[in-house]
Amino acid sequence: MSEYSVIGKPTTNVDGAAKVTGEAVYTFDMTLPNMLYGRLLRSPHPHARIISIDTSEAEKLPGVKAVITGKDTPGGKYGLWRRFRELTDQEVLATTKVRFIGDPVAAVAAISEEISEKALDLINVEYEPLPAVFEPMEAIKDDAPVIHEDFPNNINNTRHIEWGNVDDAFKKADYVREDRFNLLSQHPAPMEVHSSVASYDKGSGRLTVWSSTQSPYFLQLGLADALKMREGNIRVIKPHVGGGFGNKNSTMPDSVNAAVLSMKTGRPVKIVFNREEEFTTTEHRTAMHLAIKIGLKKDGTIMAKEAKIITDGGAYTGLGATTLYLAGTYLTFPYKTPNYRYDGVRTYTNKMWASSVRSFGATPAVYASETQMDRAAHDLGIDPIEIRRKNAMTSGYEAPGQYKLESCGLLQCIDKVEERVKEKWTDLSKDEGVGITAFAYMCGGIFNWIDTPYAFSGAMVKINVDGTVDLFTQAADIGQGTNTVSVMICAEELGIGIEDIRLHPADTATTLTDLGAWASRETMMNGNAVKAAAGEAKKILIEVARIKLGENIVYDLEVKDKRIYLALRPERGFSYYDIVKDAIKRNDGEPIIGIGHYTPHGKGMVSPAFAFGSMGVRVKVDRETGQVEVKDIITAHDCGQIINPLGARGQVEGSIQLGLGWGLCEDLPTDNGMILNPSFVDYKLFRTRDMPQIELYDVPTYDPEGPYGAKESAEGTVAPTSPAVANAIYNAVGVEFDGNVLKPEKVLKALKEKEAQ
Amino acid sequence: MANTNYRCPCCRKISSNHHDLARHFLGQTDKKHKDWLKTQRLSYAQLITWQVTEFGNKGYDTLAEVLEKEAPKVE
Amino acid sequence: MKKELKFVVNGESHDLWIEPKTLLVQVLRDELGLKGTKRACDSGACCSCAVILDGKVVKSCSMLALQANGKEVLTIEGLANGANLHPIQQAFIDNWAFQCGFCTSGQIMAAKALLDENANPTREEIQMAMDGHLCRCTGYNMITEAIQDAAKRLQEQKLQEAAQ
């Protein structure tokens, strides 16, 4: 295979100049002529019936142009799990009752945000507070308050995964242990809050919505369902997005209310959440009670695993049902598990709902299974690296009925981490320790709960007569670098330069459907669509070149460095520019158009491919304060063929920041359904001085499913980080934990308890 | 020779295995399935709680025993 | 009652009448249309709104606009020289020191203020100066490297200018 011209080379961000000059426009920045500003009135109760809403005083306030309540909306319900209509449980505004503190009941549009905010105070809502429930185990009980009428026992979703015979296998195992964990939430806290601008065209009855979204298509569908409109009459445009990390997949009250208000006033309406709303009324990571049992031979070989999970779903579904499935799936990674059984339940509770957050399902699951793995290794007297090596998945491994692996570089990743850890961390001082973990992550899901008839990703390439290319993709760049990857793949396939391509991204009116940025799907799925589209255009170029060369059909032609030439006789060929001109002339003046799409087929129940890796973390524990300092990290990652090494490194390091935060300091305590620390002052994130240096090694493999063999790098390293820290703490000072947010007081308490023993 | 099959008492789901039928049953979130359990003096909440908090299959096993008696045969 | 605000922003003089409670970030973004400076929190805890006021980096969300009366403000829009990017901006691009870009303006302005005062900061000094800036995307290390790279570029630029 010839060396790539573009793929695999460090490439700067195609949006770079816009982002470093302040020219990049985010929805948060947008203004349109004659625009109004909307604000939402939210329930102060976690659970209450709405008796009456009087908006008359608010309507009279000068500057107010519209006030709406649930009865003023088209009444459609919406949600992501559209294939199961009972789970599309969100309303634009609550009509009969509210289900969490912050559930919106009214919306105002006025000439300024300040006036809208004042108007909220003038809306009188009479509530009948109802008993509320905040803990999943309580919510399941027969006498618990019912949150959604069609869901007795507040069970939103159940899941069962099974293969082999666990009961038999446990009987035969030499060593069996059970561990229970309580895994807490985390707020994704993107720097750009939820923002939407909606503009209703009175003439055509069509709606345009700009939004800080991870999926223009999902938003288009959500709006269509909520507003009972044909989706084709709704155009969603994604400007630059200031981060999502999972909480901008769902259609949220900013967009749907901006839309209804725009339809009512005939003017554009903008709704932006403040940071407190972002913390308290947008989706966060799913908290869960998790129990796992593992059975091993005395040499450390896994024989069976059984898992039980109850997730705290909150008031609505979002993508929480998928989290339930993925948690049960990730518990089986990255080790060969011949017998497995999983039962999971997601319950409704009267809190803001939990959904997807970067590495969803994996973060809590991998914490549990990787700390358990270490405990088992200690009990059996086996080295923690060795036990992982022994059980590591390899290429060709299949979990019956669930997934099958093509490429898998896990063993090489473990080898690399072990090599570097042994070389580098030879000087551990007192109260310092090392923890090792291994992990895997999906490259997009095969799921179609969104119920689309379209391919999962589509792209279009148009080659103009001067050789410039217009590339149309709906993929959502939310910071991860998808725009750059799209352009790189197109450039490689057509044998041209990045500078020749203009990207037209993320507009549902002008691009083919892409399902959006979640579960690390963009490089795999959008990448494949772009490669296919460019490939179709390339076929036309090759055909024209072949005719002009007049050579025997068996000779291959290549496209590279702006030439199209005979592979075996490279001096015989033509310039890309000449062929483009010729092709257009020969086709009655039509520009060269290539359309491509990708949908995974026959790839099991989870994902078309998986990335793998291993991580070592070095910590120092301060016995006086309980503070854990993360001193150094070494990680090796099999992402298949890395498309952009700069982007891949950025993704790994950002993932680690999130993982460290979940593990050590990002606490979201609630009291009777109220989040107690909804600001960056009180919600602690890792900052510059907290971050250790990270040594990152690429273990290249080739996955036949990915574009140029590429897999994911966007989320994999979130999950293994915290268990590596926990394992390192154990290695340092001998204490264990049953969950995350290992704040100093928690560590100190564990140290004191150990001393007392 | 054909296997004997059994139908879920509340919907059209058919299985040759009571255990599988129990798993299907507890996966349903609608009222009809929940109400049937009450007629059998079973608590949905208790069955699910057993199944998702205790290792083993207590929830399914308990329901499977009842379904063995109550699920209509299908030829 | 509105009060007069006379100040210079990115080299241009402005004479505005504003409500006294208006924050500097509001004047920059909403009155002057300079949207490059962002707001990401309401508690002065993230530094996305950082601009340079009379040579010092400040959080524009945490001061009243009137406090800038008679002073000079430099925002992200004032950094490039026409169509030529500032070496700090180029260093951020070349080192992949941003992803979503929402915190980037604040990061770059703080980096400029730091390098104006300390042309050759150590890694620790950079981290100290930048610790107030929240970033959810990058994990920070690539930003630190970009600032180290920017310091080198600025020193090279100085040497070239001195040689001419």
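- You'll find the side chain of P692(A) stays beyond 4.5 Å of the side chain of K631(A), heavy atoms only.
- Both the backbone and the side chain of R39(C) come within less than 4.5 Å of a heavy atom of chain A.
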Next item on the list: Output, in order, the C-alpha distance, side-chain angles, deciding distance and verdict of salt bridge (charged side-chain N to carboxylate O under 4.0 Å, His left out) for E666(A) and R136(C).
Entry: CA-CA 13 Å; E666(A) 289 184 42; R136(C) 206 38 162 165; 2.6 Å; yes
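- Contact annotation for E278(A): neither backbone nor side-chain heavy atoms come within less than 4.5 Å of a heavy atom of chain C.
- With respect to R153(C) and D94(C), a salt bridge is recorded, a charged nitrogen being found less than 4.0 Å from a carboxylate O.
- With chain A as partner, the option from A80(C), G36(C), A45(C) having the largest number of non-hydrogen pairs under 4.5 angstrom is A45(C).
- The contact between F245(A) and chain C is made entirely by side chain atoms (from C-beta outward), counting heavy-atom distances below 4.5 Å.
- Note: R687(A) leads R687(A), M191(A), Q657(A) in heavy-atom pairs under 4.5 Å with chain C.
- Proximity to chain C (any heavy atom under 4.5 Å) is restricted, for T484(A), to the side chain, taken from C-beta onward.
- Proximity to chain C involves both the backbone and the side chain of V681(A), based on heavy atoms less than 4.5 angstrom apart.
- Within the 4.5 Å cutoff, the side chain of L36(A) has heavy atoms near those of the I111(A) side chain.
- With a 4.5 Å cut-off on non-hydrogen atoms, H133(C) touches chain A through its backbone but not through its side chain.
- Taking V193(A), L660(A), L658(A), I656(A) one by one and counting their heavy-atom pairs under 4.5 Å with chain C, the maximum is reached by L658(A).
- The candidate with the highest count of non-hydrogen atom pairs below 4.5 Å against chain C, out of P190(A), P188(A), G243(A), is P188(A).
- Salt-bridge formation is not detected for the pair K238(A)/D477(A): no Lys NZ or Arg NE/NH1/NH2 atom is positioned less than 4.0 Å from an Asp or Glu carboxylate oxygen.
- Counting heavy atoms from C-beta outward, T104(C) and K38(C) have side chains that stay 4.5 Å or more apart.
- With a threshold of 4.5 angstrom between heavy atoms, I93(C) approaches chain A through its backbone and through its side chain.
- A side chain to side chain donor-acceptor pair (under 3.5 Å) with S520(A) is found for exactly one of E715(A), R358(A), Q651(A), namely E715(A).
- Between chain A and the options M128(C), M130(C), Q107(C), the largest number of non-hydrogen pairs under 4.5 Å is found for M128(C).
- Only the backbone of A24(A) comes within contact range of chain C, with heavy atoms under 4.5 Å apart.
- The part of T11(A) that comes within reach of chain C is its backbone (N, CA, C, O), which places non-hydrogen atoms under 4.5 angstrom from that chain.
- No side-chain heavy atom of I478(A) sits less than 4.5 Å from a side-chain heavy atom of K248(A).
- Only the side chain of Y683(A) comes within contact range of chain C, with at least one heavy atom under 4.5 Å from a heavy atom of that chain.
- Heavy-atom distances place both the backbone and the side chain of I694(A) under 4.5 Å from chain C.
- Side-chain atoms of T688(A) and I143(C), non-hydrogen and from C-beta on, never get closer than 4.5 Å to each other.
- Comparing A17(A), G661(A), S655(A), G647(A) by heavy-atom pairs within less than 4.5 Å of chain C, the highest count is held by G647(A).
- Using a 4.0 Å cut-off between charged side-chain N and carboxylate O, E19(C) and K21(C) make no salt bridge.
- Highest contact tally toward chain C, considering only G242(A), G481(A), G244(A), is held by G242(A) [criterion: heavy-atom pairs under 4.5 Å].
- A salt bridge links R649(A) with E145(C): the closest approach of a Lys/Arg side-chain nitrogen to an acidic carboxylate oxygen falls below 4.0 angstrom.
- Both the backbone and the side chain of L134(C) come within contact range of chain A, with heavy atoms under 4.5 Å apart.
- D42(C) has no carboxylate O lying under 4.0 Å from a charged side-chain N of R275(A), or vice versa, which leaves the two without a salt bridge.
- Only the side chain of T144(C) comes within contact range of chain A, with at least one heavy atom under 4.5 Å from a heavy atom of that chain.
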